[in-house]
Amino acid sequence: MKLFPSAMALRCAACGHQHPLEDLAWRCAACGGVLDLAGFTPVIPPASVLAGRPATLWRYAGALPVAEPADISLGEGMTPLIGAPGLPGVLLKIDYLMPTGSFKDRGAVVLTALARQLAVRRMIADSSGNAGTAIAAYGARARIPCEVYVPAATSAGKVAQLRAYGATVHQVPGSREDTAAAMQAAGQPGTFYASHVYHPFFLHGTKTYVLELWEQLGGRLPAVLVLPAGNGTLVLGAYVACRELLTQGLISQVPRIAAVQAAACAPLASAFQRGLAAPDSVDSKETIAEGIAIARPARGAQILAAVRDTGGTIVTVSDDQVHAAHAELAHAGLYVEPTAAACWAALRAGLIDTGPVPSDRPGAVVPLCGSGLKSKPPTT
Ligand SMILES: [Zn+2]
């Protein structure tokens, strides 16, 4: 049975091969490339029409590729936008107030809505923590059994959260890449790989971060979007949203994207500086910004192309800078996980040029992506 408009499909970014959504493909069957969503035309209503809608990301239903699952939603989205401590013209978007404590809920709810429409029997996911907990929560809500693979070093708080939602947790020794490999080896027919990295529906969820910003700023976007970049789910979602807003004539210019990586694991920043089209080969060292320590991001080429298309940049921050930023945010009442302080660290260190602050919009918006309550406390 065809559940979706016949034009909607997953299309390989490398070779163009198309896969029906019902096939549960997570990468191209022909060449192994990453899949994008094709055959879908989003519709973003003008701000005046949005004003009366419920304060969740489902207010943009016409822009999302799956219908609102009323009994799955946890009221996610429309997170606060507040002033930043000591930096006029910069705003913080408080995404750690999402239902499971991170921005990943944006993608997870959209992906889980798809999983239920496809009547999958089981979801599996691999994650450094937050994406897995988001999938596990919405999976519990949708009554779809979940198995989540995490690196053995994942914080006890995140593992406890996963188990509390009822997920089966597999703790894999080694790197984040070892975790992904272990999970991909465990796939079975009828299992939905609910991947925040590979499945493009996830990016159509994270794009609501920018749709909300646009609406909260009165139909504008800041000069610069500062965004964390590990697997780039927020960078790519933000870029998709910017392009859609531009295509629909709702903005006149795409903001520059300034992506931030941890210096200990920066394949994208290195490639950006060297002019490469794909992520550089790097050794991943330990960092307190564990959530963005991704040595081989599967969508790396797309991230580099997106940042370059906006005239943006990719910078790195040291653990010392992240520590200082984390402490500064906490002293301003904002308790985030260390990874979530990386963007603030880059701005504070003067690594991102926000230019003169425009008169009608912020110079930059920084997301605070993950709660500090479930992460390992910083060691200093
Ligand atoms: Zn392909």
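None of the values given here were measured: they were computed from a predicted structure. Order of appearance sets the numbers: ligands from 1, and atoms from 1 within every ligand.
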Review point. Are any side-chain N or O atoms of R106 and backbone N or O atoms of L234, one a donor and one an acceptor, separated by less than 3.5 Å?
Key: no
Check your understanding: Near the Zn ion (ligand 1), which protein N/O/S atoms fall under 2.8 Å?
Key -> C12 SG, C15 SG, C28 SG, C31 SG
Practice item. With sequence neighbours excluded, give me every side-chain hydrogen bond (donor to acceptor under 3.5 Å, both in side chains) pair touching residues 60-74. Key: Y60-E215, D71-R116, S73-E76
Review point. In terms of the angle between their ring planes, are Y198 and W26 parallel, tilted or perpendicular, with boundaries placed at 30° and 60°?
Key: perpendicular
Review point. Run the side chain to side chain donor-acceptor pair (under 3.5 Å) check on T191 and R122 step by step: do they pass?
Key: CA-CA 5 Å; T191 295; R122 197 168 70 111; 3.2 Å; yes
Review point. With a 4.0 Å cut-off, would you call D319 and K285 a salt bridge?
Key: no
Check your understanding: Take atom CZ in R361; do more than 12 heavy atoms of anything else shown fall under 6.0 Å from it?
Key -> yes
